[in-house]
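Protein chains get the first letters and strands the later ones, always in sequence-line order, with residue 1 at the start of each.
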Amino acid sequence: MSSSASEMRFGMVIDVDKCTGCGACSVACMSENNVGVLPDETDKIRSITWLRVYQIDNGQPYPNTQIAFFPRPCQHCAGSQGHHTPCVSVCPATATDRDPKTGIVSQIPTRCIGCRYCVAACPYHARYFNWYDVPWPEGMDKPLSPFVAPRMRGVVEKCTFCFHRYQRAQNKAFTSGEAMGEMDYQTACTEACPSGAITFGDLNNPEHKVHELKKSPYAFRLLERLHTDTAVYYVSAREWVRRQADNYLSGEKLAKVQAGGGH
Amino acid sequence: MDDSKFWPKGTTRCKPVHFGLWMLFCLALAGWALVSAFLCLYKGLNQTNMNDYFAFGVWIVVDLAIIALGAGAFFTGFMNYVLRREELKNIINAAVIIGFICYSGAIMMLGIDIGQPIRGWFGFWHANVHSMLTEVMFCITTYLIVLIVEFVPLILENRQINKVPDLHFFAHNLHTIMIVFAATGTFLSFFHQGSLGGMYGVLYARPFAARGGVLIWPWTFFLFILSAIAAGPSFTTSIVMITEIVTGKKLTTHKVKMLMAKVSGSLLLFYLVLKIADTLYWAFVQTPAMGLSPSVYYQAPYGTWLLIAELGIGGVLPCILLLSPQVRESYWILLLAMLLNCFGVTMNRFVMTIQSLAVPVLPFEKFYAYLPTWQEWGISAGVIAYGFIIFSLAYRYLPVFPQETKLNPTTD
Amino acid sequence: MNWDRRAFVKFAVGAVVGLNASPLVPKLMDDVAIWTQNWSWVPDPETGAVAFAKSINPATQTGVKARLVKARLSGQRVIRVEGDPEHPLSQGGVLAADAAAPQQSYYQAMRVDAPMVRKEGVRGRVAAEEAVQKVAAKLKALAQAGKASQVAIIADDPFSVTGEMLMRLAAAYGTPNLVFMPSAKQTLALAGGLMFGQGDIGFDLANATYTVSFGTPLLEGFGAPVAVRKAFAAWRKDPMHRATLVQVEPRSSVTASQADLWLACKPGTEGVLAYAMANLMIQAGKVDSAAANAAGFEQFKALLAGEYSLEKASQASGVPADKIKAVAEGFMKAPKAVAVCGPGNSGDPGRLFDFMAVLALNAVKGNLGKPGGLVLRQGVAWKALGGPLDLPGAPRLDGGGKRIMGSYSAYDLAAAALKGQPYPLEALIVVGCNPAFAGPQAKVMRQLIDNTPFVACVSEFMDETAELADVVLPKASFLECWGDCATPYGAAQSFYGVHQPLVSALPQTKSAGDWLLAVAKLLGGKAAEALPFAEAKEALAARAEGLGGLEDLAAKGYWMQEKPAYGFSFKTPSGRLELAPSALGKPAAPAAGVAPSKERPLLMAGIPSLRTGAGGAPMSPYQVKILDEITLAHKDQLVVEINPQTAHAMHLGEGDMVEIASAAGKINARLHLYHGAAPGMVFVPVGLGHTAFGMYLKNKGANFFEAVEVAADPGSGLPQWALTPVSIAKAGGVSHV
Amino acid sequence: MLPFVFEWQWDIGHGVFMGLFYLALTIVSLGVVAALAMTFYDLYSGKEVHEEGHGHEDPWADYSYAHDKADRGEYA
């Protein structure tokens with residue numbers, strides 16, 4: 001059932017040591033994907049942020065305190081060890097699916113019945129339910145992109161790796177007759193990041209930068225022990241950062257867990 | 001107003017005014033539920049305290065609990081019609097009604113719980129057959145159809161309705177082939193109870209809920225079936241006993257109750273052995289392999305008291321009680337034991353739903369707690385009110401308890 | 001046929017079977033499926049041809065391209081502001097503020113959509129002519145009464161074309177009281193002027209291999225933030241050979257955390273550490289020849305050896321001696337090392353002593369005019385808008401000209417005008433900034449607005465200042481009009497960017513320049529002569545003549561100095577580097593700064609952040625949305641940071657609601673215990689607590705500038721608010737544990 | 001649910017799952033149809049209505065358990 005042996009596997013390598021938590025990726029994502037804004041967004045467990053930037057710290061007292069940021073898009077899990085993508089396998093209405101060609105986990109909000117089972121299944125909290133009707137007061141609807149349909153209340157939405165950009169790149173490649181290049185398909189957050197902390201591409205393609213970057217000895221993924229086989233890698237030279245990416249028993253050494261697809 | 005000609009033959013019922021007051025109380029509860037339902041449907045699920053961390057809330061807990069408790073219907077039916085335990089005929093009608101209430105109540109709740117109720121049928125239309133929830137949807141719907149088919153003849157047996165020949169014969173004929181429905185229902189409900197458990201077990205990225213298993217079924221699949229059939233007969237019987245207490249009548253012989261208790265207790269024992277084995281493996285093998293220790297799971301307010309409440313007070317204790325013949329002979333301790341059994345299964349459904357979601361998986365995430373809003377309580381209370389209404393009406397007007405006339409001879 | 005029960009049953013059964021056999025059921029289901037997607041209140045953005053246009057966001061100085069959709073019905077609109085990959089400073093990157101810019105431009109509740117005039121206390125929309133007439137008539141009357149100097153103008157940027165137009169207008173009209181919002185550019189120009197005789201200097205960050213940042217938020221709002229990030233990304237490119245970044249500041253900020261080394265110093269001692277490092281280098285004999293030959297080198301050397309020894313500096317700053325030494329050695333040995341000074345963490349223009357100490361450290365290192373060091377910029381060759389004008393003779397309210405250099409200060413202007421010394425104000429014109437919010441001491445600015453008989457403002461947003469003004473002229477956003485911005489703070493190369501009208505979101509808005517021209521035309525006389533343009537675009541074109549013409553500039557979006565100019569020259573009176581500047585007569589030394597007292601035992605500082613942004617520019621709804629619960633919590637509570645030990649000593653805990661009170665004012669906030677906060681301090685996010693701007697921003701959090709107490713920097717005399725002594729007490733209210 | 005629904009793809013899982021689903025539905029509906037058929041047969045064959053109903057006689061009617069006796073006052 002695991003489909004990590006897809007033709008392409010689009011994914012990211014996020015350099016935590018470059019991320020400064022400025023939030024440009026989050027906002028670029030929202031603007032690209034018409035994410036709604038409520039008058040009050042301080043209740044973070046009801047606030048839709050496809051790409052949420054988590055702030056973590058090393059818990060050390062002054063003056064040894066350090067913070068770092070984990071930008072967290074949907075991890076586009078493949079699932080391993082006989083498991084499918086955690087959310088895809090549970091959706092009763094096939095409103096979310098993993099495209100075996102690209103490795104992208106899609107979301108069809110217009111098919112979603114709002115049961116939220118996928119929200120419960122995702123350990124990364126990458127899935128968001130529309131608890132509210134989004135008010136679009138005068139003018140706020142003007143900058144909405146026509147390429148992504150705004151969602152209605154009562155459905156789940158999440159990061160799609162800007163799939164509409166993939167489709168656009170595909171169309172371009174089809175009309176021009178040339179193969180789709182690495183730069184033809186980039187997500188909005190990748191483009192926006194002022195520090196270049198996010199690199200996006202086909203993890204399976206040796207010509208793409210991510211293919212090399214993910215092999216860094218400092219590369220890791222979130223919650224590898226769960227064998228979700230995510231498509232988002234992180235890089236940090238700091239051990240305490242790497243340690244925060246997974247659960248460890250006290251006294252347990254930080255080990256590189258090899259998950260699933262064996263990338 | 002005299003409704004006595006609708007009462008089952010040879011029985012007496014309380015005064016219409018008393019019954020009317022009781023109905024008013026139930027309708028008040030239902031009114032609360034209607035207001036809540038309106039708010040949730042009109043304004044959306046922001047009326048609840050559910051959120052992206054507690055994607056499921058008290059509704060799912062109540063859903064799972066009543067469906068587990070409603071398992072008395074299929075299991076009693078199975079024992080009665082398929083295993084031919086004829087003595088259970090005296091309680092099967094009550095079991096079917098309770099099952100019908102639980103299942104239809106659950107579906108109504110789910111209709112409000114999903115964000116897009118008018119798309120609820122997409123689960124059939126675009127079914128993802130790999131999802132446990134799809135299995136749940138299919139089974140719960142089909143089983144409800146079965147329950148309706150099982151409930152219909154009972155309604156038709158109302159003294160006045162039964163006078164109509166068409167309906168009389170139809171009811172009779174449905175009864176004749178009831179084994180077909182009972183068997184189908186057993187099959188469906190078996191999978192349905194199981195897939196509800198499977199829903200949690202397959203969440204392999206949620207360490208608290210995840211379980212290993214066989215083929216596509218995680219252990220929770222089987223544990224849910226077992227706990228449901230262990231608690232279901234207890235629930236059916238305790239409802240009958242409560243009805244007896246309220247009406248001041250004997251409705252079934254104590255022997256029937258004792259049989260139900262024995263079945264319930266034995267299944268509970270079987271369940272507990274497996275559940276405890278599962279829990280030990282989960283706590284000491286599976287959890288450390290995920291880099292966690294069970295202490296991470298049990299944080300305020302969801303502390304280890306939950307474990308004690310579920311498996312101790314709601315598990316081992318009723319199991320011992322139900323399996324001791326002396327206890328079974330005592331009306332009140334038997335009732336207590338059965339209620340504890342129901343409490344245990346409810347706690348299990350609570351823990352599997354709420355605590356699974358409360359436990360943070362990402363190390364830098366927080367541990368959240370969840371408290372339902374009055375709207376959520378309203379809907380939950382509505383299901384109870386719905387149950388009260390249906391069961392009260394059924395008891396008043398339908399020949400639910402075949403032994404009633406003999407156990408309560410009337411003077412007329 | 002008899003219509004009996006049997007017939008009815010037959011009919012019913014037949015109907016059910018028939019309906020199910022027909023395509024009606026699937027068709028209806030399909031319809032419902034479609035219908036569930038048509039919710040009238042969910043917008044359906046109209047599609048159209050996509051085009052791109054280059055622009056620059058003057059608020060962030062990011063070179064951007066706007067993604068435009070030309071729809072059949074709704075017309076052309078900007079749907080996104082993206083980074084321009086071809087822009088040398090931005091290289092495709094953006095900030096949250098840039099990406100959210102379209103929202104800000106379109107969201108009508110935030111904007112001023114029409115000219116407004118207050119009549120009998122009530123503000124109402126009027127025709128443009130009426131509003132302009134009102135301003136011009138007032139100014140004319142004051143000029144005729146000989147009170148022209150009693151008109152003050154506060155504006156945002158002296159280097160923009162609007163700034164230049166304002167300078168000409170003010171001079172021609174006859175008021176010396178044109179001031180701009182305080183900026184670190186002022187301090188750097190002062191420090192450079194004193195020591196090098198040149199103020200147009202930058203830091204060649206992109207080429208540096210060892211960077212020490214002294215108390216400036218290098219990654220949280222320094223210069224053109226995207227450009228700084230690009231340099232930072234280059235430092236981190238090769239994990240095996242990464243460039244070193246050292247941050248000196250009291251708080252574990254983003255920069256401090258991303259730095260390879262963080263020197264957690266006591267507040268206000270950054271300059272001391274720069275001197276200490278210079279001292280260590282002198283002691284090690286590693287002094288560049290320019291520094292060794294500098295005017296006052298011996299004096300400088302003696303001062304450092306005496307007052308800034310390793311032990312003394314370590315004691316003063318609280319940084320362990322070995323850490324200071326390690327950084328000094330790293331700095332010394334690195335081939336391309338640079339020490340950086342800049343705006344303070346509270347958004348203040350910085351302390352002159354710190355700047356001079358940092359420049360001195362660079363000079364000792366010998367990186368002046370070298371790759372990866374301190375460089376002189378070529379300057380922007382724009383053409384002046386006209387011949388020089390005589391400056392009015394009346395004394396300036398802000399005391400400019402009395403200080404070492406004639407630098408402006410909006411705060412001092414307000415303080416003097418409020419005292420009426422030497423004279424009060426009759427009219428105030430605010431252009432493109434929001435002093436009623438961003439102060440820097442907000443209450444003082446509000447008092448000035450309240451006490452001034454006539455206040456006009458040219459504003460993009462219905463902000464705090466606009467709400468108080470008598471006349472509001474709606475300013476177009478950068479996506480709607482022509483405009484420009486010049487070299488960002490600290491950039492190594494001179495730069496000039498142009499933006500152009502791409503959409504007309506609100507038809508009644510105009511660029512600030514166009515409003516000024518309209519007023520000048522009505523004023524007539526010298527004022528009209530000083531600005532002989534039909535529209536602001538002409539003024540911009542005139543300016544751009546020196547840079548290859550407006551058309552080419554607009555198409556490309558910018559002009560930029562090709563590469564950093566290496567080589568250095570001194571234009572001081574001595575012709576050499578002056579470590580003891582002739583204007584001072586001695587090397588710079590810190591004066592006593594603000595200190596906590598018994599009543600106000602803590603020091604308050606700002607938390608710089610690109611999420612909240614600093615100053616008066618409002619956040620867009622998307623920016624508010626991405627604020628964490630450690631910045632804004634429970635709908636409206638500002639979250640401030642305090643060290644756990646400090647909190648415990650004061651019997652305060654996580655989530656407590658407190659009142660932070662300074663001598664100038666107070667704010668309420670919720671405490672967050674953060675180990676990275678320096679003990680004895682409280683850190684407050686800057687940029688929240690607006691009382692204007694509509695539902696997304698209004699009344700969210702509290703305004704840092706309400707508690708700020710401005711003091712004059714002893715060196716520069718510029719307003720200084722890096723640290724404010726405050727008291728903290730538990731306040732009522734729910735803490736939402 | 002039906003093969004012509006948009007993007008429907010069959011695999012073994014669908015076969016088994018849908019097969020069982022339709023099987024259950026078929027059994028239940030056939031059962032109901034059978035009961036209806038029997039009813040029509042009964043009606044046309046002129047069978048009489050017995051008030052008592054059917055199959056509800058308590059086979060244990062003679063057996064009285066202690067509680068039931070007590071409740072009926074048999075021990076009184």
A.B. asks: Tell me, side chain or backbone of M137(B) under 4.5 Å from chain A's heavy atoms, or both, or neither?
C.D. replies: side chain
A.B. asks: How close do C115(A) and L133(B) get, heavy atom to heavy atom, and via which atoms?
C.D. replies: SG-CD2, 3.5 Å
A.B. asks: Could you check whether atom CG of L280(B) has more than 12 heavy atoms from other residues, nucleotides or ligands sitting under 6.0 Å from it?
C.D. replies: yes
A.B. asks: Please find the pair of heavy atoms, one from S131(B) and one from C91(A), that lie closest to each other, and give the distance.
C.D. replies: CB-O, 3.6 Å
A.B. asks: Apply side chain to side chain contact (heavy atoms under 4.5 Å, CB included) to residues F129(A) and L45(B) and explain how you reach the verdict.
C.D. replies: CA-CA 10 Å; F129(A) 183 71; L45(B) 291 177; 3.8 Å; yes
A.B. asks: Check each atom of P207(B) against the heavy atoms of chain A and say whether the ones under 4.5 Å are side chain, backbone, both or neither.
C.D. replies: side chain
A.B. asks: Mark yes or no for whether N51(B), through its side chain, and R46(A), through its backbone, hold a donor-acceptor pair below 3.5 Å.
C.D. replies: no
A.B. asks: L223(A) versus chain B, heavy atoms under 4.5 Å apart: side chain, backbone, both or neither?
C.D. replies: side chain
A.B. asks: List the atom of M290(B), the atom of L226(A), and the distance in Å for their closest heavy-atom pair.
C.D. replies: SD-CD2, 3.9 Å
A.B. asks: Taking atom types as modelled and ignoring hydrogens, do the side chains of Q81(A) and Y204(B) form a donor-acceptor contact shorter than 3.5 angstrom?
C.D. replies: no
A.B. asks: Which word best sums up how the rings of Y117(A) and F56(B) line up, parallel for under 30°, tilted for 30 to 60°, or perpendicular for over 60°?
C.D. replies: tilted
A.B. asks: In terms of heavy-atom pairs under 4.5 Å with chain A, which of A210(B), S356(B), P288(B) leads?
C.D. replies: P288(B)
A.B. asks: Would D52(B) and R116(A) pass as an ion pair if we require N to O under 4.0 Å?
C.D. replies: no
A.B. asks: Give, as side chain, backbone, both or neither, the part of L362(B) having an atom under 4.5 angstrom from any heavy atom of chain A.
C.D. replies: both
A.B. asks: Where is the tightest heavy-atom contact between A55(B) and A120(A), given as atom of each residue plus distance?
C.D. replies: CB-N, 4.1 Å
A.B. asks: Measuring heavy-atom distances to chain A, does K43(B) have an atom under 4.5 Å in its side chain, in its backbone, in both, or in neither?
C.D. replies: backbone
A.B. asks: Using heavy-atom distances under 4.5 Å, tell me whether I114(B) contacts chain A through its side chain, its backbone, both, or neither.
C.D. replies: both
A.B. asks: Quick check on the interface: out of V119(A), I45(A), L222(A), L249(A), who has the most heavy-atom pairs with chain B under 4.5 Å?
C.D. replies: I45(A)
A.B. asks: Side chain, backbone, both or neither: which part of E365(B) has an atom under 4.5 Å from a heavy atom of chain A?
C.D. replies: side chain
A.B. asks: Please report the interatomic distance OG1(T94(A)) to NE2(H126(B)), rounded to the nearest 0.5 Å.
C.D. replies: 7.5 Å
A.B. asks: Got a sec: does the OH of Y368(B) have more than 12 other heavy atoms crowding it under 6.0 Å?
C.D. replies: yes
A.B. asks: Looking at R111(A) and F122(B), would you say the former's side chain and the latter's main chain have a donor-acceptor pair under 3.5 Å?
C.D. replies: no
A.B. asks: If you tally heavy-atom pairs under 4.5 Å against chain B, which of Q55(A), Q244(A), R127(A) wins?
C.D. replies: Q244(A)
A.B. asks: Side chain, backbone, both or neither: which part of Y200(B) has a heavy atom under 4.5 Å from chain A?
C.D. replies: backbone
A.B. asks: Main chain of V88(A), side chain of N128(B): is a donor-acceptor contact present, judged purely on distance under 3.5 Å?
C.D. replies: yes
A.B. asks: State, to 0.1 Å, how close V90(A) and V202(B) come at their nearest heavy-atom pair, and which atoms those are.
C.D. replies: CG1-CG2, 4.3 Å
A.B. asks: Heavy-atom distance under 4.5 Å between the side chains of P86(A) and L203(B), does that happen here?
C.D. replies: no
A.B. asks: Taking every non-hydrogen pair under 4.5 Å, which of A93(A), C122(A), A95(A) racks up the most with chain B?
C.D. replies: A93(A)
A.B. asks: Of the backbone (N, CA, C, O) and the side chain (C-beta and beyond), which part of L41(B) lies under 4.5 Å from a heavy atom of chain A, both, or neither?
C.D. replies: backbone
A.B. asks: Can you say whether A209(B) sits under 4.5 Å from chain A via the side chain, the backbone, both, or neither, judging by heavy atoms?
C.D. replies: neither
A.B. asks: Within a reach of under 6.0 Å around CZ of F190(B), are more than 12 heavy atoms found that belong to other residues, nucleotides or ligands?
C.D. replies: no
A.B. asks: Does atom CH2 (W136(A)) have a neighbourhood of more than 12 heavy atoms from anything else shown, all under 6.0 Å?
C.D. replies: yes
A.B. asks: Find the one option among M132(B), M199(B), K366(B) whose heavy-atom pairs under 4.5 Å with chain A are most numerous.
C.D. replies: M199(B)
A.B. asks: For the OH atom on Y281(B), are there more than 12 heavy atoms of other groups (residues, nucleotides or ligands in this structure) within a distance under 6.0 Å?
C.D. replies: no
A.B. asks: With a 4.5 angstrom heavy-atom cut-off, could you sort out which part of T48(B) is near chain A: side chain, backbone, both or neither?
C.D. replies: both
A.B. asks: Can you tell me how far the CD1 atom of I118(B) sits from the CD1 atom of I113(A), to the nearest 0.5 Å?
C.D. replies: 12.5 Å
A.B. asks: So, for N247(A) and P363(B), which heavy atoms are closest and what is the spacing to 0.1 Å?
C.D. replies: OD1-CG, 3.7 Å
